[in-house]
A.B. asks: 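Take this structure, written in C-alpha cells, and hold onto it; I'll ask about it next.
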Amino acid sequence: MAAKGTPVTKPTLLILPGDGIGPEVMIEVRKVIDWFATQGLAFEVSEDLVGGIAYDTHGTPLTDATMAKAQAVDAVLLGAVGGPKYDTLDFAVKPERGLLRLRKEMDLYANLRPAQCFDALADFSSLKTDVVAGLDIMIIRELTSGVYFGEPRGIHTEGNERVGVNTQRYTESEIARVARSAFELARRRSNKVCSMEKANVMESGVLWRDVVTEIHAAEYPDVALSHMYADAGAMQLTRWPKQFDVIVTDNLFGDLLSDLAAMLTGSLGMLPSASLGAPMANGRPKALYEPVHGSAPDIAGQGKANPIACILSFAMALRYSFDQGAAADRLEAAVQTVLAAGLRTADLIGEEGRAPVSTSDMGDAIVAALAEE
Ligand code: IPM
Ligand code: MG
C-alpha cells in the first residue's frame, strides 16, 4: 500500500479489441483485469479501435492518434483484426495493416509464440497423445522485417501480364537482435535453440545462418544450437515436437510454423503471444500481446469463441512487461483448473460430444478459479 498522499502511478495498458471475436474475448480479459485490481494489482486501462472497425469509423485501420497512444503506454493488448467484409479493400487500408503498423512502428522484432499442451487437452490434438503430452516449446518469430516489409513490392505489368513482387530482406543487425532474444529466452528454459531458414535456396537464409552462428559463438556458447531448413523443421515439428525448446525463425516461416505448432496442442484458441521490442525509458520493453488466433468471423458474436488465448496473452503481459510472474502463474493455474474440471468452449469439443460452455461462462469460471487459487 502506498502511504497516504503519495501519488500512485498505475502501469498503463491500451486495449484494442479489434474485429470478429476480438471484442467478445476481450470482455473476458477485462473481467480478469478487474479481478486483479481487487487484489491490489491495478492498471490504468484505455481502449481504442484497430482493424476493420477503425476503418469503418475513421477510414483507416489505425489512426495516428491510436498509434501515438500505443507508443506511450506500458503495454498494448490486442484482440484480432480482419473479416470477409474487408477482403476487397486496398492493401493500404486492410485491417491487417493496422496490426502491421503497430508491429513496425513500435519495432516489436521478437514475437514469442509458446506452443504448450495442456494436460487436460492432450487427447484433443490430431497427433498421438504421447507425441504432444507435456509439450512446451517457444517459437520466436522475427516480426518487423523479411518478406512482410521488404521493398520492392507490388503488382506491376510486364508485357501483357501482371507480375506480383515481394522481397525477402534481412540485415545482419535484424538477425542478430532476434537471435539474442532467442538465446536469452533459452537460458531461462531448457537451453536449446533451433534456428530455421532455407539456406539451401535463399541468400537471406545463408546470412541468417551465419549471423546466428556468430552470435552463438561469441555470446552464448553455453546454449545448444542447431539449424534446420524450415521445411524439414515443419516435418520434425509434426513428427516429434518435443525435440525442440526454442525455435528462432524469420517472419514468414514463423507465421507458418507457429500456426503448425499451435495446432499440435489441440486448439489455436488456447495460444497467446507476446511481441517485444527494445526497452523503453522505464526499462520495460515495448510490448504488444495478442492471441495467435484470428478474428474468426464465422463464429463472431455467438458466444462460441474461446477467450483463453487472449486471457493467457494478458498473463504474458504480467510476466514480460510488469514483472508479475507470480500473478501470471496464478492466472495460468486458474486456466488449468477450469480445463481439468472439464469446461470446454466449442473449439475444444471433440468426438465425445460434451456440451460446450459459452465465452462468457469460460471467463467467469476462470475468474472464480483465480479467487480460489
Ligand atoms: C499472425 C497473423 C498476421 C500475420 C496477419 C493477421 C497479418 O497471421 O499474427 O500470425 O500474418 O502476421
Ligand atoms: Mg499467422
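Just so you know, residue 1 is the first one in the sequence shown, and it goes up from there.
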A.B. asks: Which atoms form the tightest heavy-atom contact between L257 and A230, and what is the distance?
C.D. replies: CD2-O, 4.1 Å
A.B. asks: Checking the side chain of T238 only, and the main-chain atoms of M235 only, is there a donor and an acceptor separated by less than 3.5 Å?
C.D. replies: yes
A.B. asks: Name the one of V357, V338, L339 that satisfies side chain to side chain contact (heavy atoms under 4.5 Å, CB included) with R344?
C.D. replies: L339
A.B. asks: So, are K69 and E47 salt-bridged, with charged N and O less than 4.0 Å apart?
C.D. replies: no
A.B. asks: Hey, are K94 and D87 close enough for a salt bridge, meaning a charged N less than 4.0 Å from a carboxylate O?
C.D. replies: no
A.B. asks: Between CD of E28 and SG of C310, what distance do you get to the nearest 0.5 Å?
C.D. replies: 10.0 Å
A.B. asks: What's the shortest heavy-atom distance between V132 and A122, and which atoms?
C.D. replies: CG2-O, 3.8 Å
A.B. asks: If two hydrophobic side chains count as joined below 4.5 Å and joins carry through other members, does L312 share a cluster with V25?
C.D. replies: no
A.B. asks: Count the heavy atoms belonging to other residues, nucleotides or ligands that lie under 6.0 Å from CG of D119, then report whether that count exceeds 12.
C.D. replies: no
A.B. asks: Assess whether a salt bridge exists between K10 and D74, defined as any Lys/Arg side-chain N lying under 4.0 Å from an Asp/Glu carboxylate O.
C.D. replies: no
A.B. asks: So, does E24 use its side chain to make a donor-acceptor pair with the main chain of G301 at under 3.5 Å?
C.D. replies: yes
A.B. asks: For T144, is there any backbone N or O sitting under 3.5 Å from a side-chain donor or acceptor partner on E142?
C.D. replies: yes
A.B. asks: Side chains of I53 and V50: does their closest heavy-atom pair fall under 4.5 Å?
C.D. replies: no
A.B. asks: Is the count of non-hydrogen atoms from other residues, nucleotides or ligands lying under 6.0 Å from N200 atom CG greater than 12?
C.D. replies: yes
A.B. asks: Hey, what do you get for CG (L99) to CG (L16), rounding to the nearest 0.5 Å?
C.D. replies: 9.5 Å
A.B. asks: So, taking the atom named OH in Y86 and the one named OH in Y55, what distance separates them when rounded to the nearest 0.5 Å?
C.D. replies: 9.5 Å
A.B. asks: Is it true that the NZ or CZ of R30 lies under 6.0 Å from the centre of F43's six-membered ring and within 45 degrees of the ring axis?
C.D. replies: no
A.B. asks: Among E105, K104, M106, which residue satisfies the side chain to side chain contact (heavy atoms under 4.5 Å, CB included) criterion with L102?
C.D. replies: M106
A.B. asks: Has the side chain of R103 got a donor or acceptor atom that lies under 3.5 Å from a matching backbone atom of L108?
C.D. replies: no
A.B. asks: Got a salt bridge between K198 and D231, using NZ or NE/NH1/NH2 to carboxylate O under 4.0 Å?
C.D. replies: yes
A.B. asks: Go through the side-chain N and O atoms of N111 and R113 and say whether any donor and acceptor fall under 3.5 Å apart.
C.D. replies: yes
A.B. asks: Are L318 and M26 connected into the same hydrophobic cluster when the rule is that any two of I, L, V, M, F, W, Y join if their side-chain heavy atoms are below 4.5 Å apart?
C.D. replies: yes
A.B. asks: Can you tell me if H156 and E158 form a side-chain donor-acceptor pair at under 3.5 Å?
C.D. replies: yes
A.B. asks: Taking the side chain from K242 and the backbone from A133, do they hold a donor-acceptor pair closer than 3.5 Å?
C.D. replies: yes
A.B. asks: Do the side chains of V81 and F149 join up, straight or via other hydrophobic residues, at under 4.5 Å, putting them in one cluster?
C.D. replies: no
A.B. asks: If you define the side chain from C-beta out and look only at heavy atoms, does anything of M270 sit under 4.5 Å from F118?
C.D. replies: yes
A.B. asks: Can you check whether K286 reaches L276 side chain to side chain, under 4.5 Å on heavy atoms?
C.D. replies: no
A.B. asks: Classify the side-chain pair S275/Y109 by whether it contains a donor and acceptor separated by less than 3.5 Å.
C.D. replies: no
A.B. asks: Heavy atoms only: give me the nearest S273-V292 pair and the separation to one decimal.
C.D. replies: CB-CG2, 4.0 Å
A.B. asks: Testing the 3.5 Å rule here: is there a donor-acceptor pair between the side chains of T66 and T63?
C.D. replies: yes
A.B. asks: Looking only at heavy atoms, what is the nearest atom pair of V193 and A186, with distance?
C.D. replies: CG2-CB, 3.6 Å
A.B. asks: Grouping I, L, V, M, F, W and Y whenever their side-chain heavy atoms are under 4.5 Å apart, do M202 and V211 come out in a common cluster?
C.D. replies: no
A.B. asks: For the backbone of R169 and the side chain of T167, can you confirm whether one donor and one acceptor N or O come within less than 3.5 Å of each other?
C.D. replies: no
A.B. asks: Take atom CZ in R209; do more than 12 heavy atoms of anything else shown fall under 6.0 Å from it?
C.D. replies: yes
A.B. asks: I want to check something: taking the side chain as every heavy atom from C-beta on, are I137 and D245 in contact at a cut-off of under 4.5 Å?
C.D. replies: no
A.B. asks: Establish, yes or no, whether the cationic atom of K192 lies under 6.0 Å from the six-membered ring centre of F244 and within 45° of the ring axis.
C.D. replies: no
A.B. asks: Could you tell me which non-hydrogen atom of P297 sits nearest to which non-hydrogen atom of G83, and how far apart they are?
C.D. replies: CG-CA, 4.2 Å
A.B. asks: Between E332 and R319, does at least one N-O distance fall below 4.0 Å, as a salt bridge requires?
C.D. replies: yes
A.B. asks: Determine yes or no for a side-chain-to-main-chain donor-acceptor pair under 3.5 angstrom, with S181 supplying the side chain and R177 the backbone.
C.D. replies: yes
A.B. asks: Using 30° and 60° as the class boundaries, would you call the ring planes of F314 and F36 parallel, tilted or perpendicular?
C.D. replies: tilted
A.B. asks: Any link between L49 and I15 through a network of hydrophobic side chains (Ile, Leu, Val, Met, Phe, Trp, Tyr) touching at under 4.5 Å?
C.D. replies: no
A.B. asks: Indicate yes or no for a side-chain donor-acceptor contact from H293 to the backbone of A309 under 3.5 Å, with no hydrogens or angles considered.
C.D. replies: no
A.B. asks: Could you report the tightest heavy-atom contact between A75 and F322, atom names first, then the distance?
C.D. replies: CB-CZ, 3.8 Å
A.B. asks: Against Y220, only a single residue in E184, R180, R187 fulfils side-chain hydrogen bond (donor to acceptor under 3.5 Å, both in side chains); can you say which?
C.D. replies: E184
A.B. asks: How many angstroms lie between atom CG of L112 and atom OG of S258, to the nearest 0.5 angstrom?
C.D. replies: 11.5 Å
A.B. asks: Donor-acceptor check, side chain of Q168 to backbone of V147, threshold 3.5 angstrom: yes or no?
C.D. replies: yes
A.B. asks: Picking from E44, R284, Q324, what satisfies side chain to side chain contact (heavy atoms under 4.5 Å, CB included) with P11?
C.D. replies: R284
A.B. asks: As an exercise, state the distance from CD1 of I175 to OG of S204, rounded to the nearest 0.5 Å.
C.D. replies: 7.5 Å
A.B. asks: Around Q243, counting heavy atoms of other residues, nucleotides and ligands shown, do more than 12 lie under 6.0 Å from its CD?
C.D. replies: yes
A.B. asks: Distance alone, cut at 3.5 Å: any donor-acceptor contact between the side chains of H227 and T213?
C.D. replies: yes
A.B. asks: Could you check whether any side-chain N or O of N166 sits under 3.5 Å from a backbone N or O of R153, counting only pairs where one atom can act as donor and the other as acceptor?
C.D. replies: no
A.B. asks: Calculate, to the nearest 0.5 Å, the distance between atoms CG and CD belonging to L288 and E290 respectively.
C.D. replies: 5.5 Å
A.B. asks: In terms of side-chain geometry, is the basic nitrogen of K304 or D298 positioned less than 4.0 Å from the acidic oxygen of its partner?
C.D. replies: no
A.B. asks: Above 12 or not: heavy atoms from other molecules or residues under 6.0 Å from CD of E172?
C.D. replies: no
A.B. asks: A side-chain contact here means heavy atoms from C-beta on lying under 4.5 Å apart; do L127 and L264 qualify?
C.D. replies: yes
